[in-house]
Structure formats: C-alpha cells, structure tokens
Amino acid sequence: MTHLDSELTMLKADIIDMWRLVLNQMEKGRDALTNFDRDLAEEVVENEKRVNSYELKIDKDCENIFALFQPVATDLRLVLAALKIGNNLERIGDIAASVADFVLDADTDFNKDILEHTKILEMYAVANEMMADTLEAFDQEDTRLARTIFKRDKILDKIDEAALDRVEESIKNYPDQVRNCLLVLSMIRKLERVGDQSKNIAEEIIFYFEAKVLKHKKKKKKEGDE
Amino acid sequence: MTFPESNDRRKKIGQAVMFGLSKGISYGIVALLFLILFFIIKQGIGVISWEFLTAMPTDGMTKGGIFPAIIGTLYLVGGSMLFAFPVGVMAGIYVHEYAVSGPMKRFVNMMTNNLAGVPSIIFGLFGMALFVNQMGFGASILAGSLTLGLLALPIVIRTTEESLKSVDDTFRQASYALGGSKLYTIRKVVLPIALPNILTGLILAVGRVSGETAPILFTVAAYFLPRLPNSIMDQCMALPYHLYVISTSGTQIEASRPIAYGTAFVLVAIVLIVNILAALLRNYFGKKVKMN
Amino acid sequence: MSNKIETIDVNLHYGDFHALKDISLGIPENSVTALIGPSGCGKSTYLRLFNRMNDLIPETRITGKVLLDGENIYKIKANKIDALRRNVGMVFQKPNPFPKSIFENVAYGLRVNGITDKSFIEGQVEKTLHQAALWDEVKDKLKKSAFELSGGQQQRLCIARALAIEPSIILMDEPASALDPISTGKIEDLIFELKAQYTIVIVTHNMQQAGRVSDYTGFFYLGSLIEFGKTRKIFTNPSKQETENYISGRFG
C-alpha cells in the first residue's frame, strides 16, 4: 500500500466512525423522545461536541492530504467527498442534538398518539434507515443503494408538508399537550433536513465512485425516475 | 505580432552557408586521408606477400622481406607499454586521487604537459645518454623500450587522469559511505569504471610509439640486422627506422623503393589494426560499465 | 520519540564560504525528515555532516556539536570513522551502482568490512533485496551487471547496498530526482516502509515529495535553518514568511 493509500484508508475509517456516531445520536434522540428519557437527551446534547471534533479532524486530515499529497482523479474525488460528507454529517449531528434539546424543553412525556399521528417516529425510522444505507453505500461502494436515497427523501418531505395540519389536529385532540405538540412540529421541521443532508451525501458517494456530478441535473433525473 | 519574413530567409541562407562550409571541410579531410591510404596501398600492395612479411631482408635491403623489422617493432611497442602503462597509470592515480591540490600538483601537471611537448629526438638523445651510456644497457631493446616508454608516459598519465576525473565522485563517496578505504575504493570501484578510457589512452600511446623513429635512432635500432634479436639486450630493426633507412640512406634507393612502400603499408596497417582493436576493446568494456 | 541525531550550534565553512550558520536541530528516531530549500542553501552540506562526508572536501572547518545517539561524531578517533559510516547509509542523487553484478553490489559493504562467510553474505543480500522491494525483479539475474537494470531499479539497488550493512540511519540526497514518476513513486513507498526500522534524512528539491514522504521538514535558506517542524504543520501553516513563500512557489 502506498503512503497516500494508507492516509486515505485512515480518512475513510474516520468518516465511517463519525457516521456511526451520528447515527447513534439520531437513534438515541429518538429513544429519548419516545421514552421521555431526559438523561439520554442530555447525553445526546453532550455528545454533539464529539461529532464536531470529528468534523474538525476530517477537515484537518483532508487539508493535510491536499497539502502533502496533491491527490488527483479518484483520490481527489474521495478527499473532496470526504470533506463534504463530514460537513453534512456534522449537520445531521446538529439536528440530532436539537431534537434532544427539544425533548429537554418538554415538561411532560410525549403522548404516544401524538407521536403516532404526526408520523414523527416514521420520519425517524426513514431518516435513520437513509443514514444507515448511505453508510453502507459508502462502505461497500454501492452506488445503486445510494441512488435509492433520493426517493426516500420524498417520504420525509410529505410528512413534513402534512405536519402543520396533523399537529393542529393533535392540539385539538390533546389541548393539555400544546407545548409538546409545538415541540414535535419543530422536531419534524428539523428532521426533514436529515433527508436533504442524506441526499447530499448520496450525491457525494455517487460523485466519488462514478465521477458524475448529479447535483445540477437532479431535477431531470428525479422526474425520469418517477 | 508579425515578424519580417526576410529575417527567416536570411537565417536560412546563413545556416546553409555555414553548414555547407563545415561539411565541405570535413569531407575534404576524409578525402585527404583516403588519398594517402590509396597512395600507400597502390604503391605498396604489389610488394606484399607472405614471403615479404616473413623473410629476412637481402641484397642490401633491395630484396627479401621485413620480418625482423616487424618483430622488432612489436618488441619495442610491447616493451615500452610494459614500462609506461603501470608507471603512467600509477602516476595518474597519484596525481588525481591522492595529491592534494595546490602548487605542487599544478607543477606536476605542468611538467607532465611539457613532457608531452618535448620533441621526440630529444627523448632519443636523453635515452642514449641515460639508458645506453649511463646505465650501460648499450643500444638494446631494453634501452629503446624505456625511451619509447618515456615518450608514451605523458599520454598515459594524462588519459589516466582524465579517465579518473570522469568517474563521478558519488561512486567514491558511495564506497566511503559503506566504510570502504581509499585504496579499496580505487581498486574495486574507480579503476574498473575508468578502465575503458584508460585503455583508449594506452592504445593511442601504442599508435604514437609504433610510428616513432627518432627515439629509437640512438638507442636500439639496427641499420641492417637480418636476424631476430636474441635477448632484450640485443639490437633490433624497426619498421619506421627501416623505412627511413631504405628511403634515404641506402645504397640503392631506387631499387628499394617498392620495399619502402611495402614497409609503409605494413606500418600503416599495424597502426590501423591497433586503432580498430582499441575501438572494439573500448566498446566491449564500455558496454560492461555503461551508465544510463 | 527520542532524537537520533542532534546538532547544536553547528557552523561549517568551506574556505571563506560560511555554508552552515548556527544550525541546532534534533532529528527524531524512526522517522523521515526532509530537508528542503533552494539550491546552495546548505541542505546537502548539512546532510553530509552525519557521515562526515564533508571531511573529503579540503578546507572545511566545522564548529559546534553533531551528536549521533548522544555521541559527538566530530570528536571520535579517526579509526572510528569507518564504523560511523557503517552506521550511516547513504543514497545519492544519481543511481550509482558499482561496475559489478547485482549480487556483488549489495555484498560490497559486507566484503569491504571484512565479512567472508559466504552463506551469511548470500542471506544478507537476499534479505536486503527483499527490503528494498527489488528481490522479485532481480532474483533470476543476480549475476548480471547492475548496469542492466533500469534507473529506478538501480536506485533501489543502491538503497539495498546501503541497507546490507545494517545501518540505523539512512541519508538520501535527492534520491529520486533523476527518475521517472513511476520509479519515484516506488522509491517514496520504499522510504515510507523503511522508516519503521531506520531514521531517514532526505534532501529534496521536490517539495511535493517532502510532503509525501516525510514526518518532519526543515527549511534551509542561505545556510540557515529557517524553520523545522512536523511536515503537516510546515505544509499547511508554516510559521515563517520565508517558508510560506518557498513552499507555495512564490520565492524571491
């Protein structure tokens, strides 16, 4: 293995570690929400620092690789992708922490019906699955799996669009839980962003493995898919 | 930007003139060489026969062969190289590898150059004074070889030095860096690399020595000695001197003219063969030590 | 990590020329240290302090201390210099195998130091050629002349030749500057492999190469050490303006 290869392998390993951490944050956030576990929510908020330091480390590693190795072609694409994936993961980490913050803002536990009716748990399920699949796509160099992400983002978008009405209905059904309902709405608005970040990550994965820039032709592509 | 076309034309003409001139001159030199060779071959080839090469001269050198002169020349060339090669190479090694740069080294260099410029007749006189008289060798192959060797010495020293100079210093450093001593380095690394060039110098010296007349005039050459030498203390005949004798001071110059041309032919042939051998030898060793 | 080599206030003069000025620097063990800087900045001269190669140049004066494993190598007895040089291998700019067979090139350092045990020499040659990643390419032609190898192979042979006597330090003076990019890559990978066992100091004109292979970088300019530090630091955020200018190609 060449020196550059070993550096890139290390970079990849760091990204995967960060990925697992962020996914873990998301899952813990969801558990904190469903079980109204304030300690767990605290932990998620606290762990956000670790996510940030991972991003800084990846940034630094990429900077070093650029400065020391002047990577080209597939190596260059990996480093560029790593930089952006790190960035997107950090934002997902932010979202996970924000949700945990909202949980801490709640006074009572969240009513199961509200969580069910607003589909926030479904959102979590889809978002976490998206993250797990992008991770696998990255790890296994599976661009086909990466392409399935775009469709699933639509599910999140639809839940997000319907959220205002559903929250309003929930408030009517449970007038004593207005505060929690509003918190759930805020959470949904945040979680919708996870889909966008995952989509960005999927684009980077495809860019890295196929050297195709999807970003600017996604409109056409998605219409074609449907 | 536009450039005047006339300038391009002028450049082209200038090029053509200079190129044509240098080409003409070099072809002219080659032509001259061929003319000389042709002249000698034309005049000499008729005389060449197995008998001419292997028989003794007879009838006041107007008949017979030049065998003793050929053998004598070979002895003298061989003898001179036996002396000049080891001495010259060792001197070259000393001057280039050991001597510290400074006035002394410059002086040695200057003297070596001067030695190369000394007219060959002076060597002859010196050889007579030192080897023939002073050291009591008499007119002998030994005295003649040493005299010729002295003549060849500057060439050998010079080429040895140049050859050593052309050996990249990093070869020496690489050997020292492995803990090699100076002597070991010179013996195992530097000399093998320099050898092809040193051999070339040696061959050049052979060419020079085999054609010299003056240094052997007083030290070894026999006017007429229709037998082979018995020992290194014996006199002998030699091709250049033989040629000189039968062309200028023989009793029947006209009658021996063909033999003179035959002798010239043989001498030129020997020099040519030596040079070709040199080229082959150099190529052979050069390949073994080729750099990229 | 401790310092394998340390120089303290080293000054070197060639006649009137002040080639190295007050150089104090510690080179860590089992690492690759690159010395960079423009031509004539003293980096090669500095490199040659460590095996006393500068001794070969007349009128060289050296002051200060050059410590190797804590011992001042300019205070050792003259008969210890060969031992010093055995401990410090050197690889040069142009591949310079000796006019010998591939085998004999690697065996040279053993033979010159008086080792005659045939099977030991054979074992050592094979081991070293493996180390230099050359064995597979030459194992069938060990008796062939070293000059039949390509330039890159010759340079790896020269590295094997240096490794054969088991030095602990390897000095490389622009080891890849005469090679094509593929061969250069192989040499660089080799350097990367070797640093686990050796302390490597490499002089290079090629800044990218310094970036790729080294852990530490020293920038020399006009005989002075301007900056020394981790290569990552030097290449992403140097402390001195001169270093910044040099590595970014905005020099002079």
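In what follows, chains carry the letters A, B, and so on, assigned in the order in which the sequence lines appear, proteins first and then strands, with residues in each chain numbered from 1.
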Quiz item: Has Lys144(C) got more than 12 heavy atoms of other residues, nucleotides or ligands less than 6.0 Å from its NZ?
Solution: no

Self-check item: Atom pair CZ (Arg85(C)) and OG (Ser175(B)), whose distance is rounded to the nearest 0.5 Å
Solution: 10.0 Å

Quiz prompt | Over 12 non-hydrogen atoms of neighbours within 6.0 angstrom of CE in Met110(B) | solution = yes

Practice problem: May I ask you to name which of Asn96(C), Leu171(C), Leu56(C), Ile81(C) has the most heavy-atom pairs under 4.5 Å with chain B? | Solution: Asn96(C)

Quiz item: How far does OG of Ser181(B) sit from CG of Asn113(C), to the nearest 0.5 angstrom?
Solution: 10.0 Å

Quiz item: Are the side chain of Asn51(C) and the backbone N or O of Ala177(B) linked by a donor-acceptor pair below 3.5 Å?
Solution: no

Quiz item: Which distance, rounded to the nearest 0.5 Å, do you find between the CD of Gln173(B) and the CZ of Phe92(C)?
Solution: 5.0 Å

Quiz item: Between Leu178(B) and Val112(C), which heavy-atom pair has the shortest distance, and what is it?
Solution: O-CG1, 3.6 Å

Quiz item: Heavy-atom distance under 4.5 Å to chain B: side chain of Arg48(C), backbone, both or neither?
Solution: side chain

Exercise. Flag yes if more than 12 heavy atoms outside Lys80(C) fall under 6.0 Å of its NZ atom; otherwise flag no.
Key: no

Exercise. Tell me, with the steps shown, if Arg111(C) and Lys188(B) meet side-chain contact (heavy atoms from CB on, under 4.5 Å).
Key: CA-CA 11 Å; Arg111(C) 295 200 197 282; Lys188(B) 297 285 182 175; over 6 Å; no

Quiz item: Taking the six-membered ring for Trp, are Phe98(C) and Phe171(B) parallel (under 30°), tilted (30 to 60°) or perpendicular (over 60°)?
Solution: tilted

Quiz item: Which atom names give the shortest non-hydrogen contact between Met53(C) and Tyr176(B), and what distance separates them?
Solution: CE-CB, 3.8 Å

Practice problem: Could you tell me whether Phe34(B) atom CZ has more than 12 heavy atoms of other residues or ligands within 6.0 Å of it? | Solution: no

Quiz prompt | Enclosure of Leu33(B) CG (heavy-atom neighbours >12, cutoff 6.0 Å) | solution = yes

Quiz prompt | Heavy atoms from other residues, nucleotides or ligands near NZ of Lys105(B) exceed 12 (cutoff 6.0 Å) | solution = yes

Quiz item: Does a sphere of radius 6.0 Å around OH in Tyr94(B) hold more than 12 heavy atoms from other residues, nucleotides or ligands, not counting ones at 6.0 Å or beyond?
Solution: no

Quiz item: How many angstroms lie between atom OG1 of Thr170(B) and atom CD of Gln93(C), to the nearest 0.5 angstrom?
Solution: 9.0 Å

Self-check item: More than 12 heavy atoms from other groups under 6.0 Å of OH on Tyr75(B)
Solution: no

